[in-house]
S.K.: 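Okay, here's the structure, questions in a sec.
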Amino acid sequence: MKIDIQIDPGAGLCFGVQRAIQMAEELLKKQDSLACLGDLIHNEEEVNRLKSKGLQVVSHCKIVEQSGKKLLLRAHGEPPSTFRIAENYDVELIDATCPIVSRLQKKVAKACEQMMVQKGQVILFGDINHAEIIALKGFCKGELHIVRDISDLEKLNPAKPTIFFSQTTKYKSDYLKVVKAYRQMRKKGEYTEYPLKVVSSVCKQIAKRDLQLIDFLQNKDVLVFVSGKESSNGNNLFRVGAKQVKKAYFISNSNELKADWFMSVKNIAISGATSTPLWLLKKTYSRIEELLS
Ligand code: SF4
């Protein structure tokens with residue numbers, strides 16, 4: 001019996017990362033090499049493909065060495081300090097910050113100013129080491145708290161005006177859980193007279209990705225999930241997907257596939273992170289077909 005293999009129709013690169021890659025490729029048609037500040041995308045295979053075209057990844061301490069040259073900024077954005085250093089050292093920045101992230105930076109900066117006047121606080125649900133959060137912090141004056149999960153809320157004082165935001169790449173369901181816990185803290189302490197504003201800042205391309213994946217995995221036996229090992233979105237989605245199937249495998253490239261994973265299965269589902277390009281999913285599909293033949 002032929003084994004059914006399907007690629008998740010909801011998988012593939014998000015708009016912001018796709019746009020940044022396109023900008024890099026356009027520039028690499030006109031020049032032999034191009035430096036990018038940090039990995040353009042959390043996917044080693046795609047980074048290697050771009051490196052073969054001339055992309056070089058440089059760290060923040062090397063910005064000054066790009067004096068007189070172009071330097072690409074990735075979709076997650078950069079804090080204002082990066083723009084200042086670039087200006088001081090005559091580095092031409094090519095800003096591939098995702099427009100959705102740019103809008104969030106402006107909103108968070110405005111909210112911080114507003115909360116400074118009202119002696120309130122801004123709470124940002126996200127990962128403190130994520131590039132988007134590092135950039136966002138740079139736009140803020142006043143009281144800003146980064147919370148990773150509900151346990152981080154315990155350190156906060158709910159007796160003040162508050163504006164809540166989420167990192168764009170978080171799941172809406174997780175954001176709502178954290179906000180709900182904060183509302184309960186306010187209620188318990190009888191602080192509900194202080195204004196609370198919850199801004200819906202999860203990117204729509206990500207917001208329901210977990211639910212889409214669960215839907216795609218209905219009645220599937222095996223999940224092959226393709227993602228960079230460093231991708232937080234990839235690791236989170238894999239955890240969600242693994243609960244829906246009998247067997248789940250996390251791979252970064254098609255060489256890691258093994259034929260015995262597919263013994264006695266009726267169907268195979270292939271999915272990936274929002275930083276996994278479609279070509280990599282198609283390559284995985286072809287390799288599985290080879291292993292089954
Ligand atoms: S996840 Fe959304 S906000 Fe983040 S880069 Fe992609 S499109 Fe932009």
Side-chain angles (χ1 to χ4, degrees), residues 8-26 36-47 50 55 57 71-79 82 93-111 122 124-140 146 148 164-176 178 198-213 225-228 230-241 271-281:
D8 182 354
L13 296 178
C14 70
F15 144 80
V17 172
Q18 215 165 6
R19 177 176 169 271
I21 291 172
Q22 260 168 16
M23 286 170 80
E25 290 192 301
E26 285 304 317
C36 172
L37 190 56
D39 274 338
L40 189 57
I41 173 169
H42 297 300
N43 186 286
E44 304 91 341
E45 296 294 303
E46 181 65 357
V47 169
L50 292 166
L55 191 79
V57 179
L71 177 63
L72 182 72
L73 302 184
R74 56 195 172 173
H76 296 313
E78 283 294 320
T82 300
L93 293 181
I94 308 295
D95 189 359
T97 305
C98 173
I100 298 168
V101 174
S102 297
R103 278 200 290 278
L104 178 61
Q105 289 172 344
K106 289 189 187 102
K107 280 188 194 170
V108 172
K110 199 171 160 199
V122 170
L124 191 48
F125 169 53
D127 301 319
I128 199 147
N129 295 321
H130 192 281
E132 182 183 310
I133 296 292
I134 294 169
L136 274 173
K137 271 167 53 189
F139 283 85
C140 298
I146 316 286
R148 202 187 25 177
F164 238 107
F165 289 93
S166 168
Q167 183 180 317
T168 58
T169 49
K170 288 287 179 190
Y171 297 129
K172 194 173 178 182
S173 48
D174 291 339
Y175 182 35
L176 293 179
V178 172
V198 178
V199 181
S200 165
S201 56
V202 173
C203 172
K204 289 195 172 53
Q205 302 229 335
I206 303 275
K208 294 190 178 152
R209 190 63 196 95
D210 51 346
L211 302 178
Q212 266 175 359
L213 179 64
F225 194 88
V226 192
S227 168
E230 303 300 320
S231 164
S232 62
N233 166 263
N235 283 295
N236 289 339
L237 266 184
F238 176 69
R239 271 195 291 277
V240 170
S271 189
T274 49
S275 51
T276 305
L278 205 53
W279 68 261
L280 201 50
L281 299 177

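Worth knowing before you read on, the calculation uses all heavy atoms, side chains too, and leaves out hydrogens, waters and symmetry mates. When a ligand or atom number is given, it counts from 1 through the structure's own listing order.
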S.K.: With side chain to side chain donor-acceptor pair (under 3.5 Å) as the test, would you mind laying out the steps for Trp279 and Glu46 before giving the verdict?
M.R.: CA-CA 9 Å; Trp279 68 261; Glu46 181 65 357; 2.7 Å; yes
S.K.: Under 4.5 Å between any side-chain heavy atoms of Arg209 and Lys172, yes or no?
M.R.: no
S.K.: Tell me, do Leu124 and Ile133 make a side-chain contact under 4.5 Å, heavy atoms counted?
M.R.: yes
S.K.: In terms of the angle between their ring planes, are His76 and His130 parallel, tilted or perpendicular, with boundaries placed at 30° and 60°?
M.R.: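 The arrangement is perpendicular - the two ring planes meet at more than 60°.
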S.K.: Are Ser173 and Asp210 packed together at the side-chain level, in the sense that at least one heavy-atom pair is separated by less than 4.5 angstrom?
M.R.: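 Yes, their side chains come closer than 4.5 Å.
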S.K.: Protein N/O/S atoms under 2.8 Å from atom 6 (Fe) of ligand 1: how many?
M.R.: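 There are 1 of them.
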S.K.: Is it the case that Asn43 and Ser231 place a side-chain donor and acceptor less than 3.5 Å from each other?
M.R.: no
